> 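Mind looking over this structure? Questions follow.
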Number of protein chains: 2
Amino acid sequence: MKKIQVVVAEDQAMVLGALAALLEIEPDIAVCARAANGREALAMVGKSKPDVLVTDIEMPEMTGLTLAAEVKERYPQTRVMILTTFARPGYLRRALDAGAKGYLLKDRPSAELADAVRRVHQGLRVVDPDLALEAWDSGPDPLTERERQILWRAGEGKSSGEIAEELHLSEGTVRNYLSEAMSKLGASNRVEAARLARSRGWL
Amino acid sequence: MKKIQVVVAEDQAMVLGALAALLEIEPDIAVCARAANGREALAMVGKSKPDVLVTDIEMPEMTGLTLAAEVKERYPQTRVMILTTFARPGYLRRALDAGAKGYLLKDRPSAELADAVRRVHQGLRVVDPDLALEAWDSGPDPLTERERQILWRAGEGKSSGEIAEELHLSEGTVRNYLSEAMSKLGASNRVEAARLARSRGWL
DNA sequence: ATTCGCCCATGACAAACGTCATATCCCTTT
DNA sequence: AAAGGGATATGACGTTTGTCATGGGCGAAT
């Protein structure tokens with residue numbers, strides 16, 4: 001009987017080790033490689049051709065979401081399961097668009113992990129039902145690419161002038177985009193807008 | 001031979017389970033209880049009187065830092081080890097002030113966890129050396145309590161007017177505090193100031 | 001071929017923000 | 001007793017931000 005071969009990608013080394021330990025407990029699952037970032041994970045998947053890739057989203061080098069898309073493209077036999085802290089509708093949507101088969105939250109009981117891996121391995125989808133609902137009624141990302149870029153920088157504390165210079169725009173244009181983003185998000189200033197967008201996974 | 005009794009506190013259930021699995025691998029360590037927040041952890045420590053408490057910092061109900069202080073006060077025989085994502089000088093300082101014996105980062109290799117637990121159990125201190133240095137030269141928290149309160153709210157996107165109302169102050173006073181905080185932190189606006197303070201663990 | 005959405009810009013105005021000087025009150029340290 | 005620091009306030013000033021109307025260019029979809 002062959003075990004389900006799993007690659008785990010997670011940037012916090014301690015958590016990576018712990019998750020691997022958790023999976024190794026299961027008699028029918030084997031962790032064949034570990035990766036500390038997206039780039040590394042892609043290489044590992046190429047080398048080990050695992051059945052399942054369990055990956056975090058926010059990682060250096062390459063996001064779990066881009067990683068999912070790459071894996072889907074280059075190694076379609078490997079199914080991707082996202083394992084993340086963030087219950088953000090936008091992340092879920094992007095994950096599914098990128099071809100991920102599962103989306104599991106880190107605040108679910110640890111007993112669910114092995115189960116989710118098995119299901120994804122069998123070709124089933126695993127998606128947190130509450131989150132799926134939330135994703136549904138929070139609607140799609142209303143921001144344009146430009147608005148996202150600008151809002152992101154504004155959230156970091158940059159002034160309109162700095163942002164304008166950085167993106168080679170006029171300062172008025174930057175203010176226009178921010179105003180537009182704020183109205184789309186129902187925020188009363190740039191900071192609140194950035195926080196809102198972040199919390200929905202749109203930044 | 002009795003095992004080292006450990007309580008683990010961590011709000012992300014999946015990570016909690018994984019860390020416990022990691023510790024359970026060790027032949028000389030036993031996880032005698034798990035907690036999903038600070039309040040629960042305090043109760044568990046009271047009930048099990050463990051040798052070591054391994055705890056996260058940012059948790060609902062009660063912060064790992066307050067928890068550390070409470071445990072030090074009420075169950076001094078239990079040594080506290082902080083296990084956190086955040087390499088923030090201010091957190092480290094507060095942790096040590098609260099009587100924690102160890103401060104370990106989640107991006108250290110998982111192999112270090114058991115070792116750190118053993119050392120702390122033996123009465124040794126375990127502190128990330130890089131972080132200790134950073135804590136040293138980033139100096140102490142320069143903010144006053146009021147500045148902290150106000151900066152925190154400003155970082156959430158609230159306007160001076162809203163903050164003033166919330167804290168029963170005049171709007172001008174709020175602007176004064178923010179101006180003062182910005183100058184202390186070397187920031188050029190409230191958002192940058194809030195980000196800086198956060199990154200140092202002062203918020 | 002026209003419409004629509006996105007990109008980018010300008011100008012003008014009101015509101016919010018950041019700075020500074022100055023002042024009072026209170027508490028602790030010297 | 002004096003000095004210092006924190007909390008609070010006001011007024012005044014210049015700068016930044018948020019809003020709105022209005023415009024042009026471009027590419028994709030109808």
Side-chain angles (χ1 to χ4, degrees), chain A residues 90 93-94 97 138-203, chain B residues 90 93-94 97 138-203:
Chain A
R93 192 175 296 248
R94 280 195 268 163
D97 286 351
S138 93
D141 184 347
L143 301 174
T144 69
E145 185 53 28
R146 259 312 191 216
E147 287 162 354
R148 230 189 312 284
Q149 291 173 359
I150 291 174
L151 195 50
W152 167 271
R153 286 163 174 81
E156 291 203 290
K158 295 190 173 149
S159 70
S160 306
E162 287 169 325
I163 299 174
E165 192 169 5
E166 197 173 336
L167 299 180
H168 310 292
L169 296 174
S170 91
E171 189 179 328
T173 303
V174 170
R175 292 217 298 277
N176 286 152
Y177 280 126
L178 283 173
S179 182
E180 184 61 20
M182 287 160 52
S183 110
K184 281 178 177 175
L185 297 170
S188 60
N189 62 54
R190 49 180 69 194
V191 185
E192 196 189 336
R195 283 179 54 86
L196 268 172
R198 247 195 299 272
S199 77
R200 301 220 203 307
W202 295 333
L203 273 195
Chain B
R93 192 175 296 249
R94 279 195 268 163
D97 285 351
S138 92
D141 184 345
L143 301 174
T144 69
E145 186 52 30
R146 260 312 193 216
E147 287 162 355
R148 228 189 314 285
Q149 292 173 358
I150 291 175
L151 195 50
W152 166 271
R153 287 163 174 80
E156 291 203 291
K158 297 194 172 146
S159 70
S160 305
E162 287 169 326
I163 299 174
E165 193 169 5
E166 195 172 337
L167 300 180
H168 310 292
L169 296 174
S170 90
E171 188 179 330
T173 302
V174 170
R175 291 216 298 275
N176 286 153
Y177 280 125
L178 283 172
S179 182
E180 183 61 19
M182 287 160 53
S183 110
K184 281 179 177 175
L185 297 170
S188 59
N189 61 55
R190 49 179 71 194
V191 185
E192 196 189 336
R195 282 180 55 85
L196 268 172
R198 247 195 299 272
S199 78
R200 300 216 201 314
W202 295 334
L203 275 195

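The structure displayed is predicted, hence computed values, not measured ones. In the text below, chain A, chain B and the rest are named by the order of the sequence lines, each starting its count at 1.
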> Using the side-chain contact (heavy atoms from CB on, under 4.5 Å) rule, take I163(A) and E156(A) through it: C-alpha gap first, then chi angles, then the decisive distance, then the call.
CA-CA 10 Å; I163(A) 299 174; E156(A) 291 203 290; over 6 Å; no
> Between dG6(D) atom C1' and L143(B) atom CG, what is the distance in whole Å?
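From L143(B) CG to dG6(D) C1': 13 Å.
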> Taking only side-chain nitrogens and oxygens of R175(A), does any of them come within less than 4.0 Å of OP1 or OP2 of dT16(D)?
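Result: no.
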> Write down the distance between CD (E147(B)) and C1' (dG6(D)), rounded to a whole number of angstrom.
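The distance from CD of E147(B) to C1' of dG6(D) comes to 9 Å, rounded to the nearest Å.
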> So, is T144(A) close to the dC6(C) phosphate, meaning a side-chain N or O under 4.0 Å from OP1 or OP2?
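Answer is no, no contact under 4.0 Å.
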> Rounded to whole Å, how long is the line connecting atom CG of L169(B) with atom C1' of dC17(C)?
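Whole-Å distance recorded here is 17 Å.
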> Return the OG1 to CG distance between T173(A) and L167(A), rounded to the nearest 0.5 Å.
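Output value for this atom pair is 11.0 Å.
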> Could you state the atom-to-atom distance from CD of E171(A) to C1' of dT17(D) in whole Å?
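Rounded to the whole Å, the gap is 9 Å.
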> Identify, residue by residue, the members of residues 176-197 of chain A with a heavy atom below 4.0 Å from DNA chain C, and return them in order of residue number, or none.
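Contacting residues: N176(A), Y177(A).
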> Rounded to the nearest 0.5 Å, what separates atom CG in N189(B) from atom CD in E162(A)?
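It comes to 7.5 Å.
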> Using 0.5 Å steps for rounding, measure from the CZ atom of R200(A) to the CZ atom of R93(A).
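Answer for the CZ-CZ pair, R200(A) versus R93(A), is 12.0 Å.
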> Ignoring backbone atoms, test whether T173(B) places a side-chain nitrogen or oxygen under 4.0 Å from the OP1 or OP2 oxygen of dA9(D).
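True: T173(B) side-chain N/O within range (under 4.0 Å) of dA9(D) OP1/OP2.
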> Any side-chain N or O of S159(B) under 4.0 Å from OP1/OP2 of dA16(C)?
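Looking at the OP1 and OP2 atoms of dA16(C), neither is under 4.0 Å from any side-chain N or O of S159(B).
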> Using 4.0 Å as the upper bound for N to carboxylate O, is an ion pair formed by D141(B) and R148(B)?
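D141(B) and R148(B): salt-bridged.
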> Identify the residue among R190(B), K184(B), R153(B) that makes a salt bridge (charged side-chain N to carboxylate O under 4.0 Å, His left out) with E147(B).
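Exactly one option meets the salt bridge (charged side-chain N to carboxylate O under 4.0 Å, His left out) with E147(B), and it is K184(B).
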> Can you check the R146(A) CZ to dG25(D) P distance for me, whole Å?
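Going from R146(A) (CZ) to dG25(D) (P), I get 19 Å.
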> When the distance from CD1 of I150(B) to C1' of dC17(C) is rounded to whole Å, what number comes out?
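After rounding, the reported distance stands at 14 Å.
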